[in-house]
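Quick note on labels: first sequence line is chain A, next is B, and so on, each numbered from 1.
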Number of protein chains: 2
Amino acid sequence: MHSVSTSDVPADVPPDVLGRAIRLLVLVGEHPHGITLSALARESGVPVSTSHRLVNSLCREGLVEFEAAGKRYKPGLRLFQLGQQAGQVYGFAGTALPVMQRVTRQTEEATLMSVLDGTRHLYVHYVDGPQPVGVRSDPGRHGPLHCTSMGKVLMAFAPDDVRTDLLERVDLTPHGPNSITDRDVLRATVARAAERGYATADEEHHRGLRAVAVPVLRPDGSVFAALSTAAPAFRRDMDDLIALVPLLQSAASELGVRLPAR
Amino acid sequence: MHSVSTSDVPADVPPDVLGRAIRLLVLVGEHPHGITLSALARESGVPVSTSHRLVNSLCREGLVEFEAAGKRYKPGLRLFQLGQQAGQVYGFAGTALPVMQRVTRQTEEATLMSVLDGTRHLYVHYVDGPQPVGVRSDPGRHGPLHCTSMGKVLMAFAPDDVRTDLLERVDLTPHGPNSITDRDVLRATVARAAERGYATADEEHHRGLRAVAVPVLRPDGSVFAALSTAAPAFRRDMDDLIALVPLLQSAASELGVRLPAR
DNA sequence: CGGGTTTTTCCACTGAATGGAAAAGCTATC
DNA sequence: GATAGCTTTTCCATTCAGTGGAAAAACCCG
């Protein structure tokens with residue numbers, strides 16, 4: 001008898017077609033320029049021949065596309081379509097972008113919107129500022145909660161149980177020079193944000209980047225999203241950004257009123 | 001013995017977890033206000049207990065969300081996220097919206113963008129016109145090829161083999177008072193669109209709705225999408241819309257140059 | 001309360017999914 | 001152009017994950 005015997009890899013998790021297929025789907029999504037079969041198999045831990053069959057099934061359904069030249073798998077059109085429909089349901093479509101566009105026109109800086117997704121936040125919308133130098137952030141990516149203005153706001157206005165839970169669990173890896181790394185400091189900061197109605201981040205996520213964020217609240221008072229203005233530090237000091245809070249708040253309430261009550 | 005016996009439903013297709021799961025996923029996507037388990041099972045043809053297990057797996061992965069009050073399944077956040085990533089890959093994100101916004105500001109009518117998806121087209125972006133009365137169209141939905149300006153353009157500029165194939169296969173169900181119902185007429189109309197560089201639709205899709213569309217071409221000359229202006233018939237006659245073609249074309253070429261070469 | 005509907009759990013059966021292995025390609029490198 | 005290393009694709013005997021009927025639980029409404 002061998003000590004670890006039959007299986008050498010960490011776990012002996014039950015295969016589970018669907019779970020695996022989705023893991024593959026996510027991997028494909030994470031590789032904008034396409035990913036090869038072997039890379040897929042390697043990164044997912046699913047045996048090559050099984051990966052092959054599964055990804056091809058996903059292709060048949062249009063969720064994944066196969067780029068014959070290059071032998072690479074890319075996200076498919078059906079995935080985009082389903083995502084759009086999901087966006088409609090969540091209320092991301094419609095008014096959000098036009099309103100954000102207006103905010104950008106007034107602030108002359110980038111405007112961002114995120115929702116809470118587990119222990120991170122998901123960038124949902126992004127409107128570029130007019131300036132050549134600005135903030136870039138792609139919808140569909142995740143950001144940390146503890147060192148972004150939107151993350152703090154989302155925690156501050158989350159239901160009590162969720163907030164306490166998050167404040168205990170969030171990862172405190174520093175991302176920028178001023179990242180909060182102490183859980184108690186974070187707790188205090190979030191409490192302050194809840195009082196004031198907005199949160200800031202001063203080079204906490206990226207060196208040279210400052211931001212303010214306010215919550216977008218549903219008619220029933222629950223948080224839907226965070227709305228934020230972000231700017232390079234050399235162009236705006238923290239007070240400049242805080243001065244934009246009323247503007248953000250009015251945009252946020254405009255967005256909030258039209259949302260489904262949860 | 002019963003005449004049809006054992007299985008009364010059409011086929012005895014092999015179960016196939018993934019296929020079924022995705023069918024369920026699509027169904028969930030099609031029901032913005034959520035769908036119940038039994039409806040899901042009924043509409044998909046998948047036995048209730050199996051549907052139950054599969055949808056719950058999809059929930060575990062975040063592709064579907066379960067609204068406990070109301071016992072309804074809705075599209076999940078992960079689905080939105082994956083869709084956004086897919087949109088990035090396709091080049092739907094980024095410049096498209098700002099440019100379309102500008103077009104709308106100039107035309108004062110709604111601007112739309114679609115891509116070819118099988119024998120239909122998929123609405124990808126939509127920018128509202130400023131007027132109270134206007135065209136509504138949700139990204140993520142499909143439209144017919146034979147009676148929309150974007151459909152005609154997409155066919156006209158598709159590779160030869162695809163075009164001939166589509167012209168033989170597209171469904172010619174009339175949707176508006178002037179829908180083309182004759183395959184040869186459609187062929188001629190599409191040929192004309194290819195020559196002129198734009199296509200029109202005059203109350204062919206909906207009564208009281210007119211539109212023009214131009215192709216968005218990649219640097220290598222292949223079609224990427226169609227860009228369109230749509231307006232209520234009472235406000236714009238066909239010549240008004242045709243007058244907008246140059247404007248649309250310049251926007252289209254602006255969009256086209258930045259696209260990956262296929 | 002009781003009949004109808006929907007959701008959830010259970011479990012014995014089985015054929016669909018599995019994955020190792022080998023074949024077929026594809027690119028270098030010498 | 002032969003050799004070696006890599007990736008993709010196909011094949012198939014084995015088996016265990018997925019299946020679905022049925023029953024239980026929860027729910028709903030008149």
With a 4.0 Å cutoff (strictly under), does any side-chain N or O of [X] reach OP1 or OP2 of [N]?
X	N	result
B:Ser38	C:dT7	yes
A:His52	D:dT8	no
B:Arg20	D:dG20	yes
A:Arg53	C:dA17	no
A:Lys71	D:dT9	yes
B:Ser49	D:dA22	no

Is there a donor-acceptor pair closer than 3.5 Å between any side-chain N or O of [X] and the backbone N or O of [Y]?
X	Y	answer
B:Arg183	B:Glu168	yes
B:Arg163	B:Ala158	yes
A:His121	A:Met150	no
A:Ser114	A:Leu122	yes

Quiz item: Can you find an N or O donor on one side and an acceptor on the other, under 3.5 Å apart, linking the side chain of B:Thr50 with the base of D:dG18?
Solution: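 By the distance-only test, no, there is no pair.
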What is the separation between atom [atom1] on [X] and atom [atom2] on [N], rounded to the nearest whole Å?
X	N	atom1	atom2	result
B:Leu40	C:dT7	CG	C1'	13 Å
B:Asp16	D:dG20	CG	P	12 Å
A:Leu54	C:dG19	CG	C1'	12 Å
B:Leu18	C:dA17	CG	P	8 Å
A:Asn56	C:dA17	CG	P	14 Å
B:Leu37	D:dA26	CG	C1'	14 Å

Practice problem: Scan B:Arg72 against the nucleic acid and name what it touches under 4.0 Å (heavy atoms): base, sugar-phosphate only, or nothing. | Solution: nothing
Exercise. Would you indicate which nucleotide in C:dT7, D:dT9, C:dA17 comes nearest to any side-chain atom of B:Val17?
Key: C:dA17
Practice problem: Classify the angle between the aromatic ring planes of A:Phe80 and B:Phe92 as parallel (below 30°), tilted (30 to 60°) or perpendicular (above 60°). | Solution: perpendicular
